[in-house]
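So the structure is just underneath, and the comments pick up after that.
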Amino acid sequence: MKRFKFLILFVCLVVGFINFAQEKQKITVEYSGNTSTSPDVEDGALVFLRDKSQQVHFIHKGVNVWCDKAIYYEDQDYLEAFSNVVMKQGDTINMVAKYVEYSGKTQRAYARGNVVLTEPQSTLKTDTLHFDRIKQQAYYNTGGTVVRDSSGTITSKIGRYYMSASKYQFVQDVVLVNPNYTLNTERLDFFTENGYAYLFGPSTITGETSKIYCERGFYDTNKNVGHFQKKAKIDYDNRTVEGDSLYFDRTKSFASATNNITVTDTLNNSIVKGHYAEVWREKDSVFITKRALAITIQERDSVYMHADTLMLTGKENNRITRAYYNVRLYKSDMAGKADSVHVDHKKGLTQMINLSRFSTGDAFSAKRKPVLWNLGNQMTGDTIHLISNVITEKLDSLKVFENAFLVSKDTISEDGFNQIKGKRLIGLFKDNELYNVDIIKNAEVIYYLRNDKNELVGINKSKSGSINIQIENQEIVETRFINQMDAQLFPESEFPKAGKRLRGFDWRGEERPNSVEDLFKDDPPLELPTIKGLDAYVPPEEFIDDEVTKRINDAGKATPKKENKAARNLPKKNTVTPLTEREKKQKALNEEATKAGQ
């Protein structure tokens, strides 16, 4: 029996302690200059006023509230604070406002009037703010501004601050203004401790010298570097870089791109494509590889150049293009191949260069010599120079240095080739067609001579110091031999079979690219890296979710006949347009802008 009485006593003590502890968890007043009741407030409520020495001071579970005036509803453990309100949570969160409501039961606060929330890395300013201490979240939907010294100022219509993660989640009309750039987006997750910004939906970052667009991206506002995906592009002055994944370093004025890249130079009317690229703005240079393709846009006929690697350097008035390793050229009336190509756009000079790492005795060296096809003519040599008129963008002349060889198929015979060789070759163009050729030094010719009826007269084989050839409609109409040493006209039946080919003859017509697609026919299979990509956007949960709703409802159960003050001033649900809809709208706007610019 004594044990039972002791147990009853113990239970009573525990219950009393719990009740006492619960009472201690209610809002308590630490200081008040004046305390009273008022007929203007409901029964049971107390009015607290400050005095000349200090403000009214309340405490609740680690939160301190100071104000000039307060009304405390004890039965609902609910506080209204007026004028110069300051609310502090620990040493990290500080909020000031003109008016604050706080429920000790739900631990939710509502603030309005010049609200300023300060944490170690940022300051939030808004007109109305909701603060949930249990979730450790602050929320606004009437527009707000966040200031972070190193990142800039962020404004948005809707925002939420997650205190435990030091993270802001901004929604709708989001703008980040930094002295060096302005960021516009529809969704922005921003971490105040490290300055990381995650962009979702149509987004732009506009600086003095660049503009970035993407629909999913990451930007480090401290280091000024970022990764961008989904329709990503960077505009550098008159150059636009597009790709599946872009990297950008603002401090270094550097950008790189991976997979399905296009670099468009509007000033020089050129496009470069590939699957990996680097762009240095200060050096005005572009490096691109993995099926690199350079396109020089001309009025009627563009020039295409494909290589393992392409480099474009220099300002528009002094632009240099370098292409190396298995370079191929295509134009409707011209094609070519070389180990490497060097183009000086200011001079209009294109140099097709042979492989220096292979000796002339190499069994495959002839295949590696530069070759140029113009209509029906094939030209080869150790080095080929093409000179263009920089104003008209038409071919002016060509030079073939060392071991020049000009070949064209005879129009009728199956295996007959017109051949001209010498030490050097100089050709002249008119309307991009070769009309005059000079073979200089040690010239040799095999030529199928035909009459007006296209009947074969004979095969001419000659040697001379030099040769001048006139061409019309892709056919030789006149040949002049200078310092002729030997010439002989053979009937076809008497022409020696062993002499049908001059020494060094190499017909490479099967190598000629006949389309843009042909430029890639000998490339090995392309394996592109898999881009993991940035995580998809995770919409925020409702600020007033089921758990919060339960807290609010429970807070009113003790006073069922009174208004549940914990349910006052709840934020309205915001209908936010899904990202996919906004992206469709942005796409339509972009297409309209493109059409308007054409």
Could I get the full list of side chain to side chain donor-acceptor pair (under 3.5 Å) partners for Gln229, not counting sequence neighbours?
-> none

According to the interplanar angle, ranging from 0 to 90°, do the rings of Phe218 and Tyr196 count as parallel (below 30°), tilted (30 to 60°) or perpendicular (above 60°)?
-> perpendicular

Is it true that Phe58 and Phe48 have ring centroids separated by less than 6.0 Å?
-> yes

Just by distance, with hydrogens left out, do Tyr73 and Glu80 show a side-chain donor and acceptor under 3.5 Å apart?
-> yes

Would you please say whether a donor-acceptor pair under 3.5 Å links the side chains of Asp523 and His306?
-> yes

Polar side-chain atom of Thr309 near backbone of Tyr324 as donor-acceptor pair, under 3.5 Å | no

Just say parallel, tilted or perpendicular for the rings of His130 and Tyr139, cut-offs at 30° and 60°.
-> tilted

Would you kindly say whether Glu101 and Asn569 are connected by a side-chain donor-acceptor distance under 3.5 Å?
-> yes

Is the backbone of Tyr168 close enough, under 3.5 Å, to the side chain of Arg160 for a donor and an acceptor to pair up by distance?
-> no

His345 (side chain) donor-acceptor with Ile320 (main chain) under 3.5 angstrom = no

Hey, are Asp284 and Arg319 close enough for a salt bridge, meaning a charged N less than 4.0 Å from a carboxylate O?
-> yes

Are Ser53 and Tyr31 linked by a side-chain donor-acceptor pair shorter than 3.5 Å?
-> yes

Do Asp554 and Lys557 sit within salt-bridge range, that is, some charged N less than 4.0 Å from a carboxylate O?
-> yes

Residue set satisfying side chain to side chain donor-acceptor pair (under 3.5 Å) with Arg112, at least two apart, ordered chain then number -> none

Please assess Thr240 against Asp235 for the test side chain to side chain donor-acceptor pair (under 3.5 Å), listing each intermediate value before the final yes or no.
-> CA-CA 4 Å; Thr240 300; Asp235 290 323; 2.6 Å; yes

When the ring planes of Phe190 and Phe170 are compared, do they come out parallel, tilted or perpendicular, using 30° and 60° as the limits?
-> tilted

